[in-house]
Amino acid sequence: MNVHNVEFLKSVTSPENFIDDERPQIVFAGKSNVGKSSVLNCVLRRKNFARVGQTPGKTVHINYFLVDQKAYFVDLPGYGYAKVSKTERDRWGRLMEQYFGAGLIDLGVMIVDARHKPTKDDCVMAAWFKETGCPLMIVANKVDKLAKSHIEPNMAVIRETLGLSSEVEIIPFSAEKGVGREALLARLQEAAAVPGEADLPEEAPSL
């Protein structure tokens, strides 16, 4: 999958417009100020492809990006922004319930702040991912703001707070410095592969 070959497809606000085809959907979620758009821009090596919003939490849209005609990167609206009205929070909640209930997710990529214990909203989002049964991974962004001695203990706090099993990968990441990009990209490539493709021999054995 060539992540440089990417196009924005559409923003949707209602379930009738969800994309449902054979391509894998890799879903990115995170609270409004965690740097989700910056992580996507880092992965895609684009400056402003996934727009970094000036005012977090103002728009409730699910954004679809088509990557190399092979997979969708699905950018969920940010959550946990205190100044959003109850009406907007309710709209966000309904849309998320509808999307998570649609059975469309092939990989969940949840972005948290490496510096802090996950919030109650982070825990709710992690629970939604876990309830779908889809693979989940955590991207702990802003790791460049931590002392090296704090990285491992902070990753342990994230795992414990979100109630993650040992199988869930946590990638220390910095959208600003590019730390963790290759590890994340490898996981995204794996999720976007055609099922069974990696298991096929280059040539069929002779009978």
Side-chain angles (χ1 to χ4, degrees), residues 1-4 6 25-57 63 65 67 71-82 96 105-130 132 134-192:
M1 178 178 66
N2 178 9
V3 294
H4 303 295
V6 58
Q25 296 194 22
I26 301 170
V27 177
F28 294 79
K31 59 184 184 179
S32 295
N33 60 351
V34 79
K36 179 163 52 70
S37 294
S38 298
V39 169
L40 272 167
N41 287 330
C42 177
V43 168
L44 299 172
R45 289 239 162 101
R46 302 286 189 93
K47 262 193 172 179
N48 294 301
F49 196 80
R51 188 174 62 83
V52 179
Q54 297 301 310
T55 306
N63 296 314
F65 302 88
V67 186
Y72 297 109
F73 284 2
V74 184
D75 183 18
L76 300 185
Y79 55 84
Y81 190 60
M96 292 303 95
I105 303 173
D106 291 275
L107 173 66
V109 181
M110 185 173 159
I111 301 159
V112 299
D113 192 323
R115 301 169 298 176
H116 307 301
K117 181 178 179 178
T119 65
K120 186 181 295 186
D121 290 323
D122 288 325
C123 293
V124 169
M125 179 58 74
W128 277 357
F129 274 120
K130 287 186 282 186
T132 68
C134 73
L136 171 65
M137 64 181 302
I138 306 298
V139 173
N141 192 30
K142 306 186 182 181
V143 76
D144 55 299
K145 312 295 184 187
L146 283 173
K148 286 186 179 179
S149 61
H150 292 169
I151 294 175
E152 191 173 332
N154 282 34
M155 299 305 105
V157 167
I158 290 168
R159 186 178 298 280
E160 181 181 2
T161 305
L162 295 179
L164 304 175
S165 70
S166 59
E167 285 77 30
V168 176
E169 184 177 7
I170 300 178
I171 297 180
F173 196 91
S174 168
E176 187 175 328
K177 305 291 186 183
V179 174
R181 179 183 182 272
E182 294 308 314
L184 175 56
L185 187 56
R187 188 68 181 86
L188 300 179
Q189 295 277 14
E190 180 185 323

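Here the structure is a predicted model, which means the values were calculated and not measured. Numbers here are sequence positions counted from 1.
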| message | Testing I26, D75, V74 one by one against F65 for a side-chain contact (heavy atoms from CB on, under 4.5 Å), which residue passes? | response | D75
| task | Give, for atom NZ of K142 and atom CG of N33, the distance between the pair rounded to the nearest 0.5 Å. | result | 5.5 Å
| Which atom names give the shortest non-hydrogen contact between G108 and C134, and what distance separates them? | N-SG, 4.2 Å
| query | Taking the side chain as C-beta and beyond, is there a heavy-atom pair between K177 and D144 under 4.5 Å? | reply | yes
| Inter- and intrachain pairs under side chain to side chain donor-acceptor pair (under 3.5 Å), touching residues 109-118, at least two apart | D113-R115
| said: How long is the straight-line distance from CG of N154 back to CZ of R159, given to the nearest 0.5 Å? | reply: 13.5 Å
| note | Shortest non-hydrogen pair, K130 vs G163, comes out as NZ-O, 3.1 Å
| query | Just how far is it from atom CZ of F129 to atom CD1 of I138, taken to the nearest 0.5 Å? | reply | 8.0 Å
| message | Checking E160 now: which residues fulfil salt bridge (charged side-chain N to carboxylate O under 4.0 Å, His left out) with it, not counting sequence neighbours? | response | none
| Pairing residues for R187 by the salt bridge (charged side-chain N to carboxylate O under 4.0 Å, His left out) criterion, not counting sequence neighbours | E190
| said: So, taking the atom named CG in L136 and the one named CE in M125, what distance separates them when rounded to the nearest 0.5 Å? | reply: 10.5 Å
| Exercise: identify the closest heavy-atom pair between A29 and K36 | C-CD, 3.6 Å
| Smallest separation among heavy atoms of G78 and S32, with atom names | C-OG, 3.5 Å
| request: Please identify each residue that fulfils side chain to side chain contact (heavy atoms under 4.5 Å, CB included) with A175, with sequence neighbours left out. | output: S38, V39, C42, N141, F173
| said: For F73 and L40: C-alpha separation, side-chain torsions, deciding distance, then whether side-chain contact (heavy atoms from CB on, under 4.5 Å) applies. | reply: CA-CA 9 Å; F73 284 2; L40 272 167; 3.9 Å; yes
| Point-to-point distance, once rounded to the nearest 0.5 Å, from CD1 of I105 to CD of Q25 | 8.0 Å
| Shortest non-hydrogen contact from L188 toward V109 | CD2-CG2, 4.0 Å
| Heavy-atom side-chain contact between V34 and D122 under 4.5 Å | no
| Roughly how far apart are M110 CE and I170 CD1, rounded to 0.5 Å? | 10.0 Å
| query | Among all residues two or more places apart in sequence or in another chain, which pass the salt bridge (charged side-chain N to carboxylate O under 4.0 Å, His left out) test with K145? | reply | E176
| Smallest separation among heavy atoms of M137 and V168, with atom names | CA-CG1, 4.2 Å
| note | Taken in chain and number order and not counting sequence neighbours, the residues that satisfy side chain to side chain contact (heavy atoms under 4.5 Å, CB included) with V3 are M1, L44, V67, R181, L185
